[in-house]
There are 2 protein chains.
Amino acid sequence: MSNDLRGLNDLDRLIHEPARLLIVTILSTAASADFLFLQREAGLTKGNLSAHLSKLEEAGYVKIEKTFKGKLPLTVCKLTAKGQKAYTAYRQQMQAFMDKTS
Amino acid sequence: MSNDLRGLNDLDRLIHEPARLLIVTILSTAASADFLFLQREAGLTKGNLSAHLSKLEEAGYVKIEKTFKGKLPLTVCKLTAKGQKAYTAYRQQMQAFMDKTS
DNA sequence: CAAACTAGTTTGCAACGCAAACTATATTCG
DNA sequence: CGAATATAGTTTGCGTTGCAAACTAGTTTG
């Protein structure tokens, strides 16, 4: 016993948040995704997706480019190297937890 | 593709919180644990442990009994059936996510 | 009897997540 | 043309959260 689980306490909260974990997961397999695709895929409202993306961008986990598709706004999101790394680390910690407690 | 990951959005937030996930995990393998043991094992401050335990108790996930060891207060915590079930469900969902995205 | 220790609880507050309201441009319809 | 509707997002309002720090109550030690 005396299993060391305290690692959980330093999970990256930015990624731990389910909505953002979802976003980052989608981005990690997509190379690039636009706002509406993310919205559909993640099942979030525009408002909440917008807020979460801002947070991820602020952290440097996601790069956001606003352009146009024809005449309509188009917001394209990409996971940065930093974001990819944080995501990988998160998964490692979480899987380690699952394994230690299986 | 078009993997359905949206299940993440209904993770039980009570258990998803790392400090509480830690507490519940410890309780799930201990049958019963006192306040100070939990504190040491989880690496939490007394204040935060107290607050998290209250929340878990309120949800009916943990049963808390205050007694005495000699003349000193002794708070003993047990996971309830409901808590055990919620914990199991959480693990299942999280592992499903990990598997689907491995 | 005052200081220090034990075992917790409560408080103060910034940050968070969500729903609802809002902005800005574009298109459609009478 | 001008009002209504749609598209693609952003901002706001607000109750809730988690954390650190302060507090409580009883106990032991000097």
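Residue numbering restarts at 1 for every chain, and letters A, B, ... go by the order of the sequence lines.
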Checklist entry - Could you give all pairs that pass the ring pair (Phe, Tyr, Trp, His ring centres under 6.0 Å) test and reach residues 10-43 of chain B, with sequence neighbours left out? => result His16(A)-His16(B), His16(B)-Tyr90(B)

Checklist entry - Can you pull the salt bridge (Lys or Arg N to Asp or Glu O under 4.0 Å) pairs that have at least one residue in residues 45-66 of chain B, sequence neighbours excluded? => result Lys63(B)-Glu65(B)

Checklist entry - In whole angstroms, how far is the C1' atom of dG9(D) from the CG atom of Asp34(A)? => result 12 Å

Could you write out each protein N or O paired with an N or O of nucleotides 1-8 of chain D at a distance under 3.5 Å?
{"from": "dA8(D)", "atom 1": "O3'", "to": "Pro73(A)", "atom 2": "O", "distance (Å)": "3.4"}

Checklist entry - Between Ser102(A) and Asp99(A), does any side-chain donor sit less than 3.5 Å from a side-chain acceptor? => result no

Checklist entry - Mind checking what makes side chain to side chain contact (heavy atoms under 4.5 Å, CB included) contact with Asp12(B), not counting sequence neighbours? => result Leu14(B), Ile15(B), Tyr61(B), Ala86(B)

Item to check | Glu41(A): which of Leu22(A), Leu27(A), Ile26(A) passes side-chain contact (heavy atoms from CB on, under 4.5 Å) | outcome: Ile26(A)

Item to check | Whole-Å distance separating the CG atom of Leu49(A) from the P atom of dT10(D) | outcome: 8 Å

Next on the checklist: If the condition is side chain to side chain contact (heavy atoms under 4.5 Å, CB included), which residues does Ala19(B) pass it with, not counting sequence neighbours?
Outcome noted: Asn9(A), Glu17(B), Leu44(B), His52(B)

Item to check | d(NZ, Lys71(A); C1', dA24(C)) in whole Å | outcome: 15 Å

Checklist entry - Taking atom C1' of dT17(D) as reference, at what distance in whole Å does atom CG of Leu44(B) sit? => result 15 Å

Checklist entry - How is the hydrophobic cluster of Phe68(A) composed, in terms of its other members, when Ile, Leu, Val, Met, Phe, Trp and Tyr link through side-chain heavy atoms under 4.5 Å apart, directly or indirectly? => result none

Next on the checklist: With side-chain hydrogen bond (donor to acceptor under 3.5 Å, both in side chains) as the rule and sequence neighbours excluded, what pairs involving residues 70-80 of chain A come up?
Outcome noted: none

Checklist entry - What integer distance in Å separates Asn48(A):CG from dT16(D):P? => result 17 Å

Checklist outcome for this item: Note: contacts of residues 50-66 of chain B with DNA chain C (heavy atom, under 4.0 Å) are Ser50(B), Lys66(B)

Checklist entry - According to the Watson-Crick and G-U wobble definitions, with both distances under 3.5 Å, which nucleotide is paired to dG30(D)? => result dC1(C)

Checklist entry - Partners of Lys100(A) by side chain to side chain donor-acceptor pair (under 3.5 Å), sequence neighbours excluded? => result none

Next on the checklist: So if I take residues 13-22 of chain A and measure heavy-atom distances to DNA chain D, which residues fall below 4.0 Å?
Outcome noted: Arg13(A)

Next on the checklist: I'd like to check the side chain to side chain contact (heavy atoms under 4.5 Å, CB included) partners of Ala96(B); sequence neighbours left out, ordered by chain and number.
Outcome noted: none

Item to check | side chain to side chain contact (heavy atoms under 4.5 Å, CB included) against Gln84(A), all qualifying residues, sequence neighbours excluded | outcome: Ser28(A), Leu79(A), Tyr87(A), Thr88(A)

